[in-house]
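Treat the numbers as computed from the prediction; the structure is a model and nothing was measured. So you know, we letter chains A, B, ... as the sequences are listed, proteins then strands, and number each from 1.
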2 protein chains.
Amino acid sequence: MKASDKVYESLRRDIVEWRLSPGTVLAEVEQSARLGVSRTPVREALARLVADGLAVQQRGRGAIVSEISDTHVEDLFVLRRALECESARLAARSTHGADFALLAQRFETAAQQLRAEAATEGYYQLVSELDEMIDGAANNTYLSSALRTLRVHLQRVRRLAKDNPERLLESAGEHAAIARAIASGKPEVAAAATTVHLHQSLEHIMTHAVATERTP
Amino acid sequence: MKASDKVYESLRRDIVEWRLSPGTVLAEVEQSARLGVSRTPVREALARLVADGLAVQQRGRGAIVSEISDTHVEDLFVLRRALECESARLAARSTHGADFALLAQRFETAAQQLRAEAATEGYYQLVSELDEMIDGAANNTYLSSALRTLRVHLQRVRRLAKDNPERLLESAGEHAAIARAIASGKPEVAAAATTVHLHQSLEHIMTHAVATERTP
DNA sequence: CGCAAGTTATTTGTATACATTTCTGCGAAG
DNA sequence: CTTCGCAGAAATGTATACAAATAACTTGCG
C-alpha cells in the first residue's frame, strides 16, 4: 500500500470519527511529522480530502477540516434521497431479485435478534451489504461513484447522533421493506420505501444530534 | 494561477474536446516535458483527473484516458436525470421566480433568433446561465458539487453528436419550458420538463453519435 | 519455434531542497 | 487607540534527486 493512501485513510478516519474537529488546520509539515512520512504523500492525501469535500483549501494556511451544520445535513440527505431512490429503482428492475429476498429475510431475523441483544456491529455490516448489493444491481458506475463520495460524508454525520436500540430496530424493518420491494421487482415501491427510511433517519439525527464539541 | 491548475485545465480540455482519445497513456515525464513544468504539478493534475473519472490509474503504466461507450452515456444520463430533476424541484420551491421568468423569455427570443441564424455560441452561454441559476436557487452545496463533476463528463459526451440547428431549436423550447415551470413555482412540472428535455437530449446523442475515431 | 526466467529499462512513488506566496507581529503615523 | 505598512517567519508551490516497482526485452532451454 502506498504511503499517500495510508495518510489519506488515516486522515479520513480521523475526520469522519470526529477526532479532527471542523476548522482544524491540516498543515503539511505538521502532518508529515506526525505520520512519519515526507510532505509529498501528505500533500497528495490532502488534495484527495479536499476533492472529497472533507476539507477545504485555504490560500496560505493549507487545508482545514470542513464544517457540518444542520443545513449541511439536510442538504446531504436531499442528495442522498435522489441518488438512493434512483439506485433502488434500478435495482428493482434488475434480475437479482432472489438475492434481495434473502437479504430481506436476514434483516427480519436481525430485527428479532436486536430485540434481545444489542448486536450493533453485525447490523451495520448487514446494512452495508445491502448498500453494496443495490449498487451492484443498479450497475451504474457514475451513480456508484457519486454514492461513494456521499457515504463518506454520511459516516461523519452518523456520529452526530448517538446509537439507539429502538431506532436500530425501526431501521431494520425499513431496510427489510426496501429489500422486499426490490426483490419483488417494484421500482416505485422500492423508491418509496427508501424515501421513508431516509426521512426517518434524518428525523432521528436531527432530534438526537449531540452538540458538536469544538476545541477552542 | 498555480502550475498544477494550468496543467489540469489543459489536460481536462484536451480530454473533453477529444484531442486525447480514450486509452491514451498520460505518462508523467512525457506530459511534464510537453507542458514545460516539472513532474510534481503534472502528478497533481493527473490525480485530479482520476478523481473526476476522466482518467483511470493503472499500476506501473500511469493514467490512461477513460473510455466512453453507449452504456456509459446512458448511465451518465440516468444520474443526470436524478440530479437535475431534484435541482429543478428545489429551484421551483425557491424565491427566485422572477429571475427564471426573465430567463424563460430570453430562451423564447433565442429560439426565434435560432430560426434565422445559427447563433450557437450565444445559445450555449444561455444554457449554462440557466444551469448556474438553477444551481444557485437550489442552494445545495452537495448537489452542486455532484453536478459539477457530472457536467465535465457531459461536455465530453456532447462532442459525440454533431451540432444540429433543428435540435438546438427544440432544445431552446424545452429549456424555456423548464424555466417557466420553475418561475411559476411548480416543482413537479419543473422536474417533468427536465425529464423531457434530458430524454430528447439523450435520444439525439444516441441517434446522431459520430463514430469515435481511435488513434491506432 | 515457443515458453519461461532473468535482466534491463522505464515509470511511478517518496524525500528533500529551493522559490514563492501569505500570514503575523511589531512599530509608527494619524 | 486604531490603522496602515513593513519585515520576519512560516507555510505552500515547484523542481529535482533517489528508491522501488513494474513492464518489456532478451536469452537460454525445452
Side-chain angles (χ1 to χ4, degrees), chain A residues 1-15 19-67 145 148 152 214-216, chain B residues 1-15 19-67 145 148 152 214-216:
Chain A
M1 197 185 202
K2 293 193 296 184
S4 62
D5 290 342
K6 278 193 283 194
V7 173
Y8 171 75
E9 282 301 322
S10 168
L11 285 172
R12 192 183 62 78
R13 288 178 65 93
D14 284 348
I15 293 174
R19 281 189 294 275
L20 288 173
S21 314
T24 306
V25 181
L26 302 172
E28 294 178 6
V29 283
E30 176 196 343
Q31 296 301 320
S32 67
R34 185 171 74 90
L35 299 166
V37 292
S38 87
R39 271 182 58 210
T40 309
V42 171
R43 189 177 173 76
E44 202 167 311
L46 289 178
R48 288 177 65 185
L49 290 173
V50 169
D52 287 347
L54 287 178
V56 291
Q57 204 139 29
Q58 296 223 327
R59 28 181 260 176
R61 214 185 313 188
I64 65 168
V65 179
S66 61
E67 300 283 337
S145 172
R148 186 161 39 248
V152 175
R214 193 72 47 82
T215 49
Chain B
M1 197 184 202
K2 294 192 295 184
S4 62
D5 290 341
K6 278 193 282 195
V7 173
Y8 171 75
E9 283 300 323
S10 168
L11 286 173
R12 191 183 62 78
R13 289 178 64 93
D14 283 349
I15 293 175
R19 282 189 293 275
L20 288 172
S21 316
T24 305
V25 183
L26 302 171
E28 293 177 7
V29 284
E30 174 196 343
Q31 296 302 320
S32 67
R34 184 169 76 88
L35 298 166
V37 291
S38 86
R39 271 182 58 211
T40 309
V42 171
R43 189 177 173 76
E44 201 167 312
L46 289 179
R48 287 177 65 184
L49 290 172
V50 169
D52 288 346
L54 287 179
V56 291
Q57 203 138 31
Q58 296 222 331
R59 24 185 300 153
R61 213 185 316 186
I64 64 168
V65 179
S66 61
E67 301 283 337
S145 172
R148 186 160 40 248
V152 175
R214 193 70 48 82
T215 49

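- B:Arg39 contributes a side-chain N or O that forms a donor-acceptor pair with the base of C:dG13 under 3.5 Å.
- For the pair B:Leu26 CG and C:dT11 P, the interatomic distance rounds to 13 Å; values are reported in whole Å.
- Inter-residue side-chain proximity for A:Gln31 and A:Arg39 is flagged as unmet; no heavy-atom pair is nearer than 4.5 Å.
- Side-chain N/O atoms of A:Thr40 include none lying less than 4.0 angstrom from OP1 or OP2 on C:dT14.
- Candidate nucleotides D:dT14, C:dG13, C:dT16 were compared by shortest atom distance to the side chain of A:Lys2, and C:dG13 ranks first.
- Closest contact between the side chain of A:Arg59 and the listed nucleotides D:dA15, C:dT12, C:dC23 involves C:dC23.
- An OP1 or OP2 oxygen of C:dC23 is reached within less than 4.0 angstrom by no side-chain nitrogen or oxygen of A:Arg61.
- Contact between the side-chain N/O atoms of B:Arg43 and the OP1/OP2 oxygens of C:dG13 is found at a separation under 4.0 Å.
- In this structure, CG on A:Leu46 lies 12.5 Å from CD1 on A:Ile64, to the nearest 0.5 angstrom.
- Between the CD1 atom of B:Ile64 and the P atom of C:dT11 there is a distance of 16 Å, rounded to whole Å.
- Electrostatic pairing of B:Arg48 and B:Asp5 counts as a salt bridge here, judged by a charged N lying under 4.0 Å from a carboxylate O.
- The distance between atom CE of B:Met1 and atom C1' of C:dT21, rounded to the nearest whole Å, is 17 Å.
- The side chain of A:Gln57 has D:dG13 as its nearest neighbour among D:dG13, C:dT14, D:dA15.
- Salt bridge present: A:Arg12 and A:Glu9 bring a charged side-chain N and a carboxylate O closer than 4.0 Å.
- One can place CD of A:Gln58 at 11 Å from P of D:dT12, the figure rounded to the nearest angstrom.
- If you measure from atom CD of B:Glu30 to atom C1' of C:dT12, you get 14 Å, rounded to the nearest angstrom.
- Of the listed nucleotides (C:dT14, D:dG13, D:dT14), D:dG13 has the atom at the smallest distance from the side chain of A:Glu28.
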